[in-house]
2 protein chains.
Amino acid sequence: MSEKVSSRKQQVRAVDVARHAGVSRVSVSRTFTPGASVSASTRAKVLKSAEILGYHVNRLASSLNRSESGIVALIAAEIETPHRATMIAELSEKLQAAGKVTMLINTSGYEERVQDALLQAISFRTEAAIILSGAPDPSLADTCFSNGMKLVLINREEDFPGSLQIGPDNKAAGRTAFNALLRAGCQRIALSNSSNATSGILEREEGFLEAAVEAGVNVICEVAGVTSYKAGLEIGTRLMDREDRPDGVFCTTDLIACGVIDAARQRFGLRTPEDLSVIGFDNIPQAEWEGYNLTTFAQPTDLIIDKCLEWCTTQQPSTEAVKLPARFVWRNSVQKVLVAQSQ
Amino acid sequence: MSEKVSSRKQQVRAVDVARHAGVSRVSVSRTFTPGASVSASTRAKVLKSAEILGYHVNRLASSLNRSESGIVALIAAEIETPHRATMIAELSEKLQAAGKVTMLINTSGYEERVQDALLQAISFRTEAAIILSGAPDPSLADTCFSNGMKLVLINREEDFPGSLQIGPDNKAAGRTAFNALLRAGCQRIALSNSSNATSGILEREEGFLEAAVEAGVNVICEVAGVTSYKAGLEIGTRLMDREDRPDGVFCTTDLIACGVIDAARQRFGLRTPEDLSVIGFDNIPQAEWEGYNLTTFAQPTDLIIDKCLEWCTTQQPSTEAVKLPARFVWRNSVQKVLVAQSQ
DNA sequence: TTGAAAGCGCTAACAG
DNA sequence: CTGTTAGCGCTTTCAA
């Protein structure tokens with residue numbers, strides 16, 4: 001009668017378990033704290049009562065108390081994109097394995113969302129924020145640091161004090177790509193990029209162009225849209241339509257490369273690598289598909305992630321910029337060199 | 001001198017802001033609580049002080065107090081897979097827009113991880129758990145419910161009291177696929193599926209076979225591997241190697257379909273749709289790529305997600321099973337019918 | 001509209 | 001090894 005059904009969620013608390021087991025609530029806490037000292041018998045009693053009552057430690061409360069949330073924020077846009085999705089999959093898997101909890105913050109849409117994302121991370125007292133897209137505001141970053149939060153920027157060239165900036169050595173890869181095309185005997189070498197590239201992607205372009213200048217070779221540049229398959233399709237069409245149709249092209253991402261290959265094949269009847277050599281970047285799953293068989297650069301994903309985790313669990317906040325070599329993956333989208341290599 | 005640098009993270013608390021602004025800590029709380037009554041002047045003072053001190057509400061504490069975390073768990077495996085990634089991208093985006101926070105739990109690897117995932121969700125007092133892969137243990141589900149947690153199972157056929165089970169109408173799609181192939185004039189119709197399919201995917205197969213039986217048509221079945229491009233490649237190769245090489249095939253996912261198309265094209269020099277009609281399911285981004293141009297079924301993603309959100313924010317826990325029609329997307333991987341349609 | 005007091009569920013520090 | 005005490009930072013009564 002007087003028992004009112006409370007609208008408030010009724011959860012089982014440590015004190016309930018303690019009462020049931022006939023011990024103090026602290027013993028309950030200790031039972032669920034690795035490394036705490038409880039006698040086997042107390043432990044057993046607690047575990048049994050917890051099982052019966054359906055008790056589960058409230059990590060909101062324990063996090064608050066210990067000021068350690070165990071949460072790591074992943075901030076990213078366009079997470080449906082193959083390379084991004086792979087990154088997030090591996091990050092979340094390893095984070096999980098390391099006992100961390102991942103909070104995914106999707107910043108697709110307006111750019112200001114990166115700020116909101118960071119704000120959200122701060123209010124949950126996230127232990128670290130790993131930023132895969134966009135750049136944070138330096139003043140907000142300070143708030144992060146003063147809350148003991150770590151910051152990681154992946155594949156961003158901006159330099160950002162107090163954070164780990166990590167990514168592939170884009171420039172070196174660009175150079176390698178150019179030289180590979182040159183050595184494959186390409187006569188008219190092209191570069192295709194999105195007109196909306198991130199700083200990391202621009203570095204690939206830079207490296208490529210630098211190597212071209214050094215070799216005294218003129219490069220055909222075609223640029224369009226945002227980094228995507230569609231942009232590649234458009235660029236490829238423009239490229240193949242030119243008087244001086246290129247016979248070798250470096251695409252700054254695999255998605256663009258797939259578009260270029262399809263434009264050549266489906267719209268012009270041209271084949272890769274016989275008519276056009278193509279090199280991409282990222283080594284997305286589709287690069288391995290038999291319809292593309294794309295020669296590309298594999299991002300050093302594992303190394304990046306390992307370093308991230310190490311950084312997130314390390315004590316000292318500092319600044320570090322790390323460039324990891326991207327592995328060149330030879331498949332079959334670049335013409336084989338028929339003559340013996342010089343020297 | 002006696003000022004020791006505490007290793008404990010030093011965060012700015014509401015009481016600090018209160019002191020700085022010359023008001024009570026409660027006023028600070030109210031300033032950051034939408035709809036609470038604070039005078040404009042107090043509010044302004046608080047906001048200013050908060051800005052200066054770099055204060056951000058601790059949501060761990062407020063969640064604990066209000067027993068509302070605002071967190072929704074997304075439980076999924078193989079999140080790098082195109083369809084899965086798209087799902088997660090859209091879910092997280094809309095969740096974010098609805099003011100919720102998404103916790104991503106990657107269950108790739110052993111199957112038991114679904115249990116661990118749910119356990120984690122419970123301990124963070126997640127408001128809902130949306131399960132995209134695997135099925136939870138019923139007894140654990142009860143713990144979820146008693147903690148006021150909502151449960152959603154996407155594209156799983158198991159029926160699960162107390163939860164929302166939602167997904168496309170797989171069976172109907174399977175039937176439609178068969179009829180489309182039949183009407184396209186295919187003489188030898190095949191079905192390809194992974195040998196490791198989920199219950200939802202199996203329904204597609206069932207619908208397809210049912211329609212075949214009704215039409216009195218024998219179907220060539222080829223099954224292999226886990227749901228992936230590679231499996232499609234293998235199945236396609238086997239299919240094209242047969243004496244009675246099929247001229248129309250329904251693949252239970254687009255990934256398999258892409259593999260089948262590539263096997264036919266790259267390994268046998270066969271073209272789609274001239275030599276082989278192919279229908280897929282999911283409408284992944286690659287289905288639209290010009291190299292595939294795949295006729296397929298678009299998952300009713302938007303509807304599924306809207307329903308999820310509605311469910312997660314609704315008060316009454318109950319059981320509901322919803323099947324939404326999958327939209328048939330005509331592209332160019334199915335032979336056009338040359339004769340006028342009967343009737 | 002404001003402040004004082006009580007408590008969300010838990011764990012750290014201390015004593016026994 | 002165990003229990004008591006005192007908070008973690010916040011919000012919610014309640015009274016002014």
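Labels below follow one simple rule: chain letters A, B, ... track the order of the sequence lines, proteins then strands, and each chain is numbered from 1.
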Send over the distance from [X] [atom1] to [N] [atom2], rounded to a whole Å.
X	N	atom1	atom2	answer
A:Glu68	D:dG9	CD	P	14 Å
B:Asn65	C:dG9	CG	P	9 Å
B:Asn147	C:dG9	CG	C1'	13 Å
B:Arg125	D:dC10	CZ	C1'	18 Å
B:Leu60	D:dG7	CG	P	20 Å
A:Gln11	C:dG7	CD	C1'	13 Å
B:Arg66	C:dG9	CZ	C1'	17 Å
A:Arg25	D:dG7	CZ	P	16 Å

Please check: side-chain N/O of [X] versus main-chain N/O of [Y], any donor-acceptor pairing under 3.5 Å?
X	Y	value
A:Arg156	A:Ser199	no
B:Asn147	B:Met149	no
B:Lys150	B:Thr314	yes
B:Thr107	B:Ala76	yes

>> I want to confirm an ordering. Mapping A:Val38 and B:Asn58 to their closest nucleotides on DNA chain D, which one lands closer to the 5' end?
In response: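 The answer here is A:Val38.
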>> Please pick, from C:dT11, D:dG3, D:dG9, the nucleotide with the shortest atom-to-atom distance to any side-chain atom of A:Leu64.
In response: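 That would be D:dG9.
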>> Measuring from the side chain of A:Ser39 (C-beta onward, heavy atoms only), which nucleotide among C:dC10, D:dC1, D:dT11 has the closest atom?
In response: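 Output: D:dC1.
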> Does A:Val15 or A:Arg30 map to a spot on DNA chain C nearer the 5' end, using the closest nucleotide for each?
Replying inline: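 First, find each residue's nearest nucleotide; the 5'-ward one identifies A:Val15.
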> 5'-most contact on DNA chain C: B:Val26 or A:Arg13, nearest heavy atom basis?
Replying inline: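 Final value for this comparison: B:Val26.
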Can you see if the side chain of [X] gets near the phosphate of [N] - specifically, an N or O under 4.0 Å from OP1 or OP2?
X	N	value
A:Thr42	D:dT2	yes
B:Ser29	D:dT12	no
A:Ser62	C:dC10	no

Under 4.0 Å between any heavy atoms, over every strand shown, what does [X] touch: base, sugar-phosphate, or nothing? Just pick one.
X	value
B:Ser63	nothing
B:Tyr55	sugar-phosphate
A:Ser37	base

> Taking C-beta and beyond as the side chain, do B:Asp159 and B:Thr319 meet within less than 4.5 Å on heavy atoms?
Replying inline: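 No, every pair of side-chain atoms sits at 4.5 Å or beyond.
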>> Please identify which of these residues, A:Val23, A:Thr31, A:Val28, meets the side-chain contact (heavy atoms from CB on, under 4.5 Å) condition with A:Arg43.
In response: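 It is A:Thr31; the other options fail the test.
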>> Any donor-acceptor pair, under 3.5 Å, between the side chain of B:Arg59 and the base of D:dG9, if you only look at N and O atoms?
In response: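 Per atom types, no contact qualifies.
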> End-to-end bend of the helix from C:dT1-D:dA16 to C:dG16-D:dC1 (five-pair axes, 10° rounding)?
Replying inline: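 End-to-end axis angle for the helix from C:dT1-D:dA16 to C:dG16-D:dC1: 30°, rounded to 10°.
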> Is it true that A:Asp16 and A:Arg19 have a side-chain N and a carboxylate O under 4.0 angstrom from each other?
Replying inline: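 Yes, this pair counts.
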> Distance only, no hydrogens: is a donor on one side chain within 3.5 Å (strictly under) of an acceptor on the other, for B:Arg84 and B:Ser133?
Replying inline: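 Yes, side-chain donor-acceptor contact under 3.5 Å.
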